[in-house]
Undergrad: 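Quick one: the structure is below, questions incoming.
All values below come from the heavy atoms of this structure, side chains included, with hydrogens, waters and symmetry mates left out.
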Amino acid sequence: MPELAEVEYYRRVWDAGLRQPVTRVHIHAGKRVTRGVDALAVVNALTGAKLLGSEAHAKQMLFRFSGNAWLGLHLGMTGKLSVAPPDFQPDRHDHLVLFQKKQALVFRDPRMFGRVRFHEGKTPEWWTDLPPAIAAPEFTAALVRDFLNRRAKLTVKAAILMQERFPGVGNWMADEILWQARISPKRLCGTLKPAEVTAVWKRTKSVCAEALATVGVDFSDPPKGWLFHTRWSSKGKCPRCGASLKTAQVGGRTTRWCGKCQR
DNA sequence: GGAGATGTTTCAAG
DNA sequence: GCTTGAAACATCTC
């Protein structure tokens, strides 16, 4: 379920390997997840290198190794990071495994919508070029307003799924933001009143912050009363008014919302 | 067996 | 050149 908060959680899972050298690298070359990656270069650079630190930004992760080696991971739809015993036997979905003395760091992604990146030298461009994080002061109301204004004929749901402006927001968070803001996901951005645009901005920030504080820390559930708890069930009800949730494809994704309190 | 899945990328049309 | 929507990607689960 990798959206911003889950990504942050998975990043920390690999902290188990901090400050320890990699003794062996297992990588699947020639797969969709490793496209554009020189597998031999990864093996050569990371074997013997120490994991020095990591960061998460939106749905992306960056792992820094000694020798100026950088590993980027995106979890796609079904990616996961885990820690396994040092004698772990990777199967066909375990596309990258970093073996260390005490454990193995495993990146698994059956559906392969995720991505492995690799770079040697200074901080890679694909990391420094990312848009401002939602938690950053640069993610301003004006930025959101201008973005939505320029997409007058796009549904607001589709707009807040766009990573170039709402980095890290995925399908369930988008539904949560709109439900909390009481705005129908089908509304076109051009019809939003200034107060509604502000609500989108505010709720984006708060939903991200609270998800990071719960899911992001220990995979615990987000706060009580959120749409999150009912949106997965086909019989789900609105936590606010009790009406049955509506379901439709909006912005190309399954969307659930309350037809009564979201206008 | 079929449909759908918490995500991008690409392509074509407007 | 920009915006928008749909298809494609690969595999598993319900």
Undergrad: Answer yes if the ring centres of A/Phe63 and A/Phe107 are under 6.0 angstrom apart, and no otherwise.
TA: no

Undergrad: Run the salt-bridge test on A/Arg256 and A/Asp175 with the 4.0 Å N-O cut-off and return the result as yes or no.
TA: no

Undergrad: Does A/Ala158 reach a base, just sugar-phosphate, or nothing at all? Heavy atoms under 4.0 Å.
TA: nothing

Undergrad: Measure from the side chain of A/His74, starting at C-beta and using heavy atoms only, and say which of B/dT8, B/dT6, B/dT9 lies closest.
TA: B/dT8

Undergrad: Is the phosphate of B/dT8, meaning OP1 or OP2, less than 4.0 Å from a side-chain N or O of A/Lys59?
TA: yes

Undergrad: Look at all strands and tell whether A/Arg92 reaches a base, only sugar-phosphate, or nothing, counting heavy atoms closer than 4.0 Å.
TA: sugar-phosphate

Undergrad: Roughly how many Å is it from CD in A/Glu3 to C1' in B/dG7, rounded to a whole number?
TA: 9 Å

Undergrad: Give a yes/no on whether any side-chain N or O of A/Thr254 is located under 4.0 angstrom from OP1 or OP2 of B/dA5.
TA: yes

Undergrad: In the structure shown, which nucleotide is the Watson-Crick or G-U wobble counterpart of B/dT9, with both distances under 3.5 Å?
TA: C/dA7

Undergrad: Send over the distance from A/His28 NE2 to C/dA10 P, rounded to a whole Å.
TA: 15 Å

Undergrad: To the closest 0.5 Å, what do you measure between SG (A/Cys258) and CG (A/Leu227)?
TA: 9.0 Å

Undergrad: Is A/Asp91 salt-bridged to A/Arg108, cutoff N-O under 4.0 Å?
TA: yes

Undergrad: Report the distance from atom CG of A/Leu212 to atom P of B/dT6, rounded to the nearest whole Å.
TA: 20 Å

Undergrad: Do any side-chain nitrogens or oxygens of A/Gln163 fall under 4.0 Å of OP1 or OP2 in B/dG7?
TA: no

Undergrad: It should be established whether A/Arg253 places a side-chain nitrogen or oxygen under 4.0 Å from OP1 or OP2 of nucleotide B/dG7.
TA: yes

Undergrad: Where does the angle between the aromatic ring planes of A/Trp172 and A/Phe228 fall among parallel (under 30°), tilted (30 to 60°) and perpendicular (over 60°)?
TA: perpendicular

Undergrad: Is the shortest side-chain N/O distance from A/His93 to OP1 or OP2 of C/dT11 below 4.0 Å?
TA: no

Undergrad: With P as the reference atom in both, quote the distance from B/dG4 to C/dA6 in angstrom, rounded to an integer.
TA: 15 Å

Undergrad: Quick check, does A/Phe113 stack with C/dC9? I mean ring centres under 5.5 Å and planes off by under 30°.
TA: yes

Undergrad: Without decimals, in angstroms, what is the distance between A/Trp126 CH2 and B/dT8 P?
TA: 15 Å

Undergrad: Using a cut-off of 4.0 Å on non-hydrogen atoms, how would the nucleic acid contact of A/Gly170 be classed: base, sugar-phosphate, or nothing?
TA: sugar-phosphate

